[in-house]
Amino acid sequence: MAASVLIIMGSDSDYPVMQAALKALADFGLEADIRICSAHRSPALAAELAAGARQKGYQVILAAAGLAAHLPGVLAAWTSLPVIGIPVSAGPLAGQDALLAIVQMPPGVPVATMAIDGAVNAAILAVQILATADQDLARQLDDYKTRLRAAVTKKQVELEKRLAAEQKM
Ligand code: RP5
């Protein structure tokens, strides 16, 4: 089955962050194609990848970049597919530069901007987008939310046990 998610990173140095997105997608049974492409160092490739993405069958693009992170915005300029931007914590400003560069898009060209290094949420949002037309993914998302709630309940039970033990001391 062809991948419906395309991940584009500004550099191989972004890969350690984006590995978490690949794993989160895999947890939902989704594969992604992954490409390195820089808005500044390979701008023609950025245009080519984004402009041809829908025709290749992709339904959502995850774009990760650090520093002056113009890659997600440039990709969004060249496609009508949803683009999810992940600011990467590279360089002396630790991703705050990338966050502002990605989030402050002009009207008409949105990029769904995640937290700094927010690769997991980027993957979950991609699954949520795909699940609008996929009942199996929607069911998996419901199960995922159930597991999140169960984890909170477990933390509460463990906290109460700990408090009770501390009161006995
Ligand atoms: C950005 O510059 C990349 O997305 C990366 O986060 C950062 C550093 O790139 P390299 O110098 O490691 O290639 O374009």
Side-chain angles (χ1 to χ4, degrees), residues 1-134 137 140-141 144 148 151:
M1 199 177 72
S4 50
V5 179
L6 175 60
I7 296 176
I8 304 179
M9 309 179 299
S11 174
D12 59 345
S13 60
D14 300 320
Y15 184 60
V17 167
M18 292 310 291
Q19 271 181 309
L22 280 173
K23 184 186 177 310
L25 289 169
D27 288 345
F28 286 87
L30 293 173
E31 285 181 17
D33 290 334
I34 186 158
R35 298 291 302 262
I36 295 170
C37 172
S38 164
H40 306 115
R41 295 163 174 162
S42 59
L45 178 62
E48 183 190 322
L49 287 175
R54 187 184 289 279
Q55 207 182 1
K56 289 201 164 73
Y58 299 115
Q59 296 178 59
V60 56
I61 294 174
L62 271 54
L67 307 180
H70 299 128
L71 178 65
V74 167
L75 297 173
W78 284 97
T79 182
S80 56
L81 291 175
V83 175
I84 302 172
I86 303 97
V88 173
S89 58
L93 300 186
Q96 302 216 26
D97 43 2
L99 172 63
L100 294 178
I102 295 173
V103 79
Q104 290 289 7
M105 288 298 292
V109 190
V111 170
T113 306
M114 301 295 101
I116 295 169
D117 293 344
V120 170
N121 271 1
I124 300 297
L125 182 56
V127 176
Q128 289 176 327
I129 290 168
L130 297 172
T132 58
D134 186 321
L137 281 182
Q140 288 191 61
L141 282 167
Y144 177 72
L148 289 181

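Quick caveat: nothing in here was measured; it's all calculated off a predicted structure. Indexing begins at 1, ligand by ligand and atom by atom, following the structure's order.
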Contact summary for T113 and V103, nearest pair of heavy atoms: OG1-CA, 3.3 Å
Taking D134 for its side chain and L130 for its backbone only, find out whether a donor-acceptor pair lies under 3.5 Å. no
How far is atom 3 (C) of ligand 1 from its nearest protein heavy atom, and which residue and atom name does that atom have? D14 OD2, 3.4 Å
Less than 4.0 Å is my threshold; does some heavy atom of H40 fall inside it relative to ligand 1? no
heavy-atom search around atom 14 (O) of ligand 1 in the protein gives G66 O, 4.2 Å
Between the main-chain N or O of G118 and the side-chain N or O of N121, is there a donor-acceptor pair closer than 3.5 Å? no
CD1 (I84) and CD1 (I7) are apart, to the nearest 0.5 Å, by 10.0 Å
What protein heavy atom lies closest to atom 2 (O) of ligand 1? Include the residue and the distance to one decimal. L67 CD1, 3.5 Å
For the residue pair D27 and Y144, confirm or rule out a side-chain donor-acceptor distance under 3.5 Å. no
Identify the protein heavy atom lying closest to atom 12 (O) of ligand 1, giving its residue, its atom name and the separation to 0.1 Å. S13 OG, 2.7 Å
To atom 10 (P) of ligand 1, the nearest of S11, G10, S89 on a heavy-atom basis is S11
Would R41 count as a polar contact of ligand 1, with the cut-off being nitrogen or oxygen pairs under 3.5 Å? yes
Can you tell me if R54 and T79 form a side-chain donor-acceptor pair at under 3.5 Å? no
Can you check whether A65 has an N/O within less than 3.5 Å of an N/O in ligand 1? no
